[in-house]
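Since the structure comes first, as structure tokens, the remarks are kept for the end.
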Number of protein chains: 2
Amino acid sequence: MPRSSAVYKESYNRCLEAIAEIGTGGNLPPETEIAETWGISRTTVRAVLKRLSKTGIIDWEGRRKAILRLPHSEDFFTSEETITTAEKVETAFMELILGGDLAPGTILRESELARSFGTSPSAVREFLIRFSRFGLIEKEPNRHWVLRGFTRSFAEELFDVRELFEQRAFDQMLERGPEDRTWKALVALQAEFERISADIENRYMEFPRMDEAFHKLLFEQLQNRFVEDFFGVVTMVFHYHYRWRKSGELTRNRLATREHLEIIAALREGDRQKARDAFARHLQSARTSLLESVHWEEEG
Amino acid sequence: MPRSSAVYKESYNRCLEAIAEIGTGGNLPPETEIAETWGISRTTVRAVLKRLSKTGIIDWEGRRKAILRLPHSEDFFTSEETITTAEKVETAFMELILGGDLAPGTILRESELARSFGTSPSAVREFLIRFSRFGLIEKEPNRHWVLRGFTRSFAEELFDVRELFEQRAFDQMLERGPEDRTWKALVALQAEFERISADIENRYMEFPRMDEAFHKLLFEQLQNRFVEDFFGVVTMVFHYHYRWRKSGELTRNRLATREHLEIIAALREGDRQKARDAFARHLQSARTSLLESVHWEEEG
DNA sequence: TTTCTGCTTTTATTCGAGAAAGGACATTGA
DNA sequence: TCAATGTCCTTTCTCGAATAAAAGCAGAAA
């Protein structure tokens, strides 16, 4: 089997949506424009148009791409069909290590994973090389991979670096004062946090997204590719954290939302010491929360 | 072509050396022991023994592995034969981007690189995925890789993070006092630095190795896998730095050697403030030195 | 019994092939 | 005249195959 034609199928779906917007009797824009809009090649656009023509949704000849009928739900490719092999491997692997309750030291075999994911060994191999960046797995050359695991030391090391970066970013922002881009951006998040806070019982699930936005701003403050890279690791881990620790979620998110609002309030008042303290408190409670979710104590 | 049998050839060479040590009339240890000593499998050991037997170097039957003659230089595999494809790709790629004087934004094609390296596209692909960790290249999905390049901003961002980590490590060490493992280890490097310093005109080439050892100790102080990972990036860059900036090398290394000795002297005296100042000065001059070696100003 | 060996099975590394997606260029038509 | 199309070639993504290397198991030797 060759590559999955996910780009083609995804583009086809998007095109169907565009057609629904334009409506019957309308005309699709030039190939070049479609390609540019979605960041794909004209080759793929033409493949999509060909199929649209064959299924009788458009009448395509030369520059004429007249819409004959609106698409119905059966015309669309399913979401399973529009994912690439690489995405499939990633999803399957994350499911495995996040839900699998695997002990640190567990041996991961490329061939075994490939069989269970229903992909080729090479696809798994490439994914593992990419994923090794996160420090959760290690390769024994000419042998297998070993899961280092989401252990206490992993969480602590992660948080130590995170704190170092964020603290530095926060201080830099405070030094630059209220005209700083990040300062303003953080303050601008107030409304969203308040909306969540006001109806926390129903909207606590919206917090993780906001938390990520808040901290992303800080990581970007330093304008450093290594810092931003590291934010990718943090994001991955917190995604896991939020996803697998459902008990007490409301309480935790309520606390964290309040902490964010306190930081923002201090910034609005222009009280730097207060802001610094509030931020330090927030990092501390985030650390505690993360460490509580660790279920493996020691490295394998 | 399958895998390169580099392990086999490398092991064969090592076995020849061991045979020369033992001498004619001696006997090689059990397969298990040989395998364990070099961290390879018994399968490979047996392949090596088979060849040793066929070339008449040993008489092998069951447990008897009697040495018949000493190996001569023609018996050894050449160093070209004992490297894996992965190593070959790595070397070739580093040569290209370090010596190639490529502008930031240069497009790197897997197939093109594969042709010029004489390996398969997959080998190149895997290497690039691994190498992308260093922040010097980026992938445009379904397209090519783009060289971000060794630019001023790359060097500055690298050094900012390095400084953050090393400064923290140094402070932690100072807090813990003269009994700290790193403190003692740094002081222990004095003799080596003095030996270089005493004959700097002839031994300045030995400095990079010592510099790396010095800073490695600091990076390890924090006992953090993310920090240690980052040290890998720093090492790679400084390897480049030392390798391609030959002019003024003596002057730079003389200065840096002196700086290291100043830090160590302050530690021996137990004067923390002096040590902190000396260390800050050293980082500053290292930064200047690195930035001077950047030949590309802007990102592409 | 405990090593160590001989043989067999499984896994990792590397390559090459085939289809999808990208890109270049000549040609068409408003 | 120039944007848009038709055509063709190149590159990437994914798989499968072949051999090196690892790993397991039964039996022989000490």
Side-chain angles (χ1 to χ4, degrees), chain A residues 1-11 29-35 39-50 60-65 84-89 107-115 118-129 139-145, chain B residues 1-11 29-35 39-50 60-65 84-89 107-115 118-129 139-145:
Chain A
M1 236 186 303
R3 58 201 297 187
S4 53
S5 72
V7 176
Y8 161 66
K9 290 175 182 166
E10 176 71 33
S11 303
E31 296 171 10
T32 334
E33 198 182 316
I34 302 178
I40 58 175
S41 70
R42 258 189 63 225
T43 308
T44 305
V45 172
R46 286 176 66 82
V48 167
L49 291 174
K50 200 167 168 187
W60 182 33
E61 193 169 322
R63 311 196 171 188
R64 191 179 72 248
K65 314 182 195 67
T84 62
T85 302
E87 287 165 341
K88 189 173 160 191
V89 171
I107 287 171
L108 302 171
R109 296 185 196 292
E110 294 173 359
S111 51
E112 209 173 297
L113 294 176
R115 273 195 300 273
T119 61
S120 71
S122 340
V124 173
R125 188 182 174 77
E126 278 180 19
F127 170 77
L128 292 175
I129 294 173
K139 182 88 172 81
E140 308 265 333
N142 289 321
R143 285 191 179 81
H144 40 247
W145 294 81
Chain B
M1 237 186 301
R3 55 201 297 184
S4 54
S5 72
V7 176
Y8 160 68
K9 289 173 182 167
E10 176 70 34
S11 303
E31 296 170 10
T32 335
E33 198 182 316
I34 302 177
I40 58 174
S41 71
R42 257 190 61 225
T43 309
T44 307
V45 172
R46 287 175 66 81
V48 168
L49 290 175
K50 200 166 168 187
W60 181 33
E61 193 168 320
R63 312 198 168 186
R64 191 180 69 247
K65 312 182 194 68
T84 62
T85 303
E87 287 165 340
K88 188 172 160 192
V89 171
I107 287 171
L108 302 171
R109 296 185 197 292
E110 294 173 358
S111 51
E112 209 173 296
L113 295 176
R115 273 195 299 275
T119 61
S120 71
S122 342
V124 173
R125 187 180 173 78
E126 277 179 20
F127 169 79
L128 292 175
I129 293 174
K139 182 84 172 84
E140 308 263 333
N142 289 322
R143 285 189 176 81
H144 40 248
W145 293 82

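Just so we're on the same page: letters track the sequence lines, and every chain starts at 1. Quick note: numbers below take in every heavy atom, side chains included, and nothing from hydrogens, waters or symmetry partners.
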Practice problem: Among the candidates C:dT5, D:dA20, D:dT14, find the nucleotide nearest to the side-chain atoms of B:Arg3. | Solution: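 Given the options C:dT5, D:dA20, D:dT14, the side chain of B:Arg3 is closest to D:dA20.
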Exercise. Side chain of B:Arg115 only, please: which of D:dT11, C:dT14, C:dG16 is the nearest?
Key: D:dT11
Protein-nucleotide distance ([X], atom [atom1]; [N], atom [atom2]), rounded to Å:
X: A:Arg64; N: C:dA30; atom1: CZ; atom2: P; value: 11 Å
X: A:Lys65; N: D:dA4; atom1: NZ; atom2: C1'; value: 8 Å
X: B:Leu128; N: D:dT11; atom1: CG; atom2: C1'; value: 14 Å
X: B:Leu113; N: D:dT11; atom1: CG; atom2: P; value: 11 Å
X: A:Glu110; N: C:dT14; atom1: CD; atom2: P; value: 11 Å
X: B:Glu61; N: C:dG6; atom1: CD; atom2: C1'; value: 13 Å
X: A:Glu140; N: D:dA21; atom1: CD; atom2: C1'; value: 14 Å
X: B:Leu49; N: C:dC4; atom1: CG; atom2: P; value: 14 Å

Have a look at [X] and say if it touches a base, only the backbone sugar-phosphate, or nothing, with a 4.0 Å heavy-atom cut-off.
X: B:Trp145; result: nothing
X: A:Ser122; result: base
X: A:Ala86; result: sugar-phosphate

Practice problem: Hey, which sits more toward the 5' end of DNA chain C by its nearest nucleotide, A:Pro121 or A:Ala6? | Solution: A:Pro121
Quiz prompt | Residue closer to the 5' end of DNA chain C, A:Tyr8 versus B:Ser120 (nearest nucleotide) | solution =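 Upstream on the strand: B:Ser120.
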Check the phosphate of [N] against [X], side-chain N and O only, distance under 4.0 Å to OP1 or OP2. Yes or no?
X: B:Lys139; N: D:dT12; answer: no
X: A:Lys88; N: D:dT14; answer: no
X: A:Lys50; N: D:dT5; answer: no
X: A:Arg46; N: D:dT5; answer: no
X: A:Ser111; N: C:dA12; answer: yes

Quiz item: Do A:Ile129 and A:Trp145 touch side chain to side chain, with heavy atoms closer than 4.5 Å?
Solution: yes
Exercise. Side-chain contact test, heavy atoms from C-beta onward, threshold under 4.5 Å: evaluate it for A:Leu128 versus A:Leu113 and give yes or no.
Key: yes
Self-check item: Atom NZ of A:Lys50: over 12 foreign heavy atoms under 6.0 Å
Solution: no
Quiz item: Around B:Glu140, counting heavy atoms of other residues, nucleotides and ligands shown, do more than 12 lie under 6.0 Å from its CD?
Solution: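 Above 12, so yes.
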Quiz item: Nearest heavy-atom pair of A:Tyr8 and A:Thr44: which atoms, and what distance?
Solution: CA-CG2, 3.9 Å
Self-check item: Over all atoms of both residues, closest heavy-atom pair of A:Ser11 and A:Ile40
Solution: OG-CD1, 3.4 Å
Exercise. Return the 5'-most residue of the pair B:Ser4, A:Thr85 with respect to DNA chain D, ranking by each residue's nearest nucleotide.
Key: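 Taking each residue's closest nucleotide, the earlier one in sequence belongs to A:Thr85.
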Quiz prompt | B:Leu108 vs A:Ala123, nearer the 5' end of DNA chain D by closest nucleotide | solution =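 Nearest nucleotide further toward 5': that of B:Leu108.
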Quiz item: For A:Glu33, what residues pass the salt bridge (charged side-chain N to carboxylate O under 4.0 Å, His left out) criterion, not counting sequence neighbours?
Solution: none
Exercise. Could you tell me which residues satisfy side chain to side chain donor-acceptor pair (under 3.5 Å) with B:Arg46, sequence neighbours excluded, listed by chain and number?
Key: B:Glu31
Self-check item: Protein proximity profile, nucleotides 22-30 of chain D - base contact B, sugar-phosphate-only contact S, no contact -, cut-off 4.0 Å on heavy atoms
Solution: BBB---BB-
